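Small disclaimer: the values here were computed from a predicted structure and weren't measured. Excluded from the calculations below are hydrogen atoms, water molecules and symmetry mates; all remaining heavy atoms, backbone and side chain alike, are included.
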Amino acid sequence: MYKNCNVIFQTEITPGVFVMTLDVGDMAKESLPGQFIMIKGWEGIEPFLMRPISINSVDRERGTMTILYNVKGRGTELMSKLKEGDSAKVLGPLGQPFSVIEGAKRVALIGRGIGIAPLLLLAQDYVAQGTELYVYLSAKKEDYLFNKDSFEALGATVRTTTDANVNITDEFKKDCATFAASNAAGAVGTESTADDGTESIADDGAESAADGDVEGVVAKPPFDAAYSCGSNRLARDMQEMHKKYGFPAYISLEEHMACGVGACKGCVVSAKNTATGESYYARVCKDGPVFNVDEVI
């Protein structure tokens, strides 16, 4: 969908970073977590290319969309000058979205800096179906822990760090271990009943699970899914837990884009077909930006 959209609101939330709300009409209903738009907020052909910006959130009833972006060049500089009532040309929604797992009980969202932006709509859609959220945010400074208040307002458990010597995924790993032990203890407990004389076996099994000794116990993974954007290092740590515990894991990639629709092939990355093991070049704008983490990490 390509249309002219009016700016409803824009503000600079920290130096060089802006939040803009647009009246996008039916585009809001079509937008899914992890997708993006191409936007042009200036007249003429200079700069020539539209700018790719991830969708931060949408109000599907009101037909509005909010984007969060960093001023990094001439195009975004011109966008930052837009005021209420000004018009911008918008193409979207584009790209492959995050998979929202129906009935998920608990999911993890892991983001760093501006890469936190596409995780908010994902959080909103999960909260709408009653899923418990654990959010892990990392940034160079407090002002870059974007959407922190919004995640908390949704009822998420939010863990953050701005310390260069601390990995936020260490907290994610701790939570994985805690939930896995709890799930395993529950699985052990259901193996026996109070009237078959095996209460002590169940109790011993629960204690072993709490200590991390859950060998032979089939238990629910600690999370039903995990999602990451903004840092390949954080994504690798997420992938480590995905392989250890078996929950699906997805990453949203950030790449320079020109057309946004897969025609120019200017945003390709090396990828691997997880079914066949064959390598190929994926277009981030068309085949992504969301991928199964094992495809691209």
Quick check: do Lys243 and Asp294 have side-chain heavy atoms less than 4.5 Å from each other? yes

- request: Would you please say whether a donor-acceptor pair under 3.5 Å links the side chains of Thr21 and Thr66?
  value: yes

Over 60° means perpendicular and under 30° means parallel, so tell me whether Phe172 and Phe223 are parallel, tilted or perpendicular.
tilted

Taken to the nearest 0.5 Å, the spacing of Asp86 CG from Asn4 CG works out to 12.0 Å

Distance col, row Thr162:OG1 vs Leu145:CG, nearest 0.5 angstrom, shows 6.5 Å

For Arg236 and Ile297, indicate whether the former's side chain and the latter's backbone hold a donor-acceptor pair under 3.5 Å. no

Between the main-chain N or O of Leu82 and the side-chain N or O of Gln10, is there a donor-acceptor pair closer than 3.5 Å? yes

- Query: Counting distance only, does the side-chain N/O of Lys3 pair as donor-acceptor with the main-chain N or O of Val24 below 3.5 Å?
  - Reply: yes

Stacked cation flag Lys141 on Tyr144, 6.0 angstrom / 45 deg = yes

> Does the pair Arg74/Glu46 count as a salt bridge with the N-to-O cut at 4.0 Å?
Replying inline: no

Task: Ionic contact status for Asp170 with Arg159, cut-off 4.0 Å - done: no

To the nearest 0.5 Å, atom CD of Glu132 lies from atom CG of Asp224 at 10.0 Å

- Would you indicate whether the side-chain heavy atoms of Thr131 and Ile101 approach each other to under 4.5 Å? no

* **Ring geometry between Tyr69 and Phe18 (parallel below 30°, tilted from 30 to 60°, perpendicular above 60°)** => parallel

Scanning both residues in full, the closest heavy-atom pair of His256 with Cys267 reads O-CB, 3.3 Å

query = Please walk me through it: do Tyr134 and Phe179 pass ring pair (Phe, Tyr, Trp, His ring centres under 6.0 Å)?
reply = CA-CA 12 Å; Tyr134 276 73; Phe179 295 139; 5.1 Å; yes

The reported gap from CD1 in Ile116 to NZ in Lys148 (rounded to nearest 0.5 angstrom) is 11.0 Å

Leu253 vs Val296 side-chain heavy atoms within contact, under 4.5 Å
yes

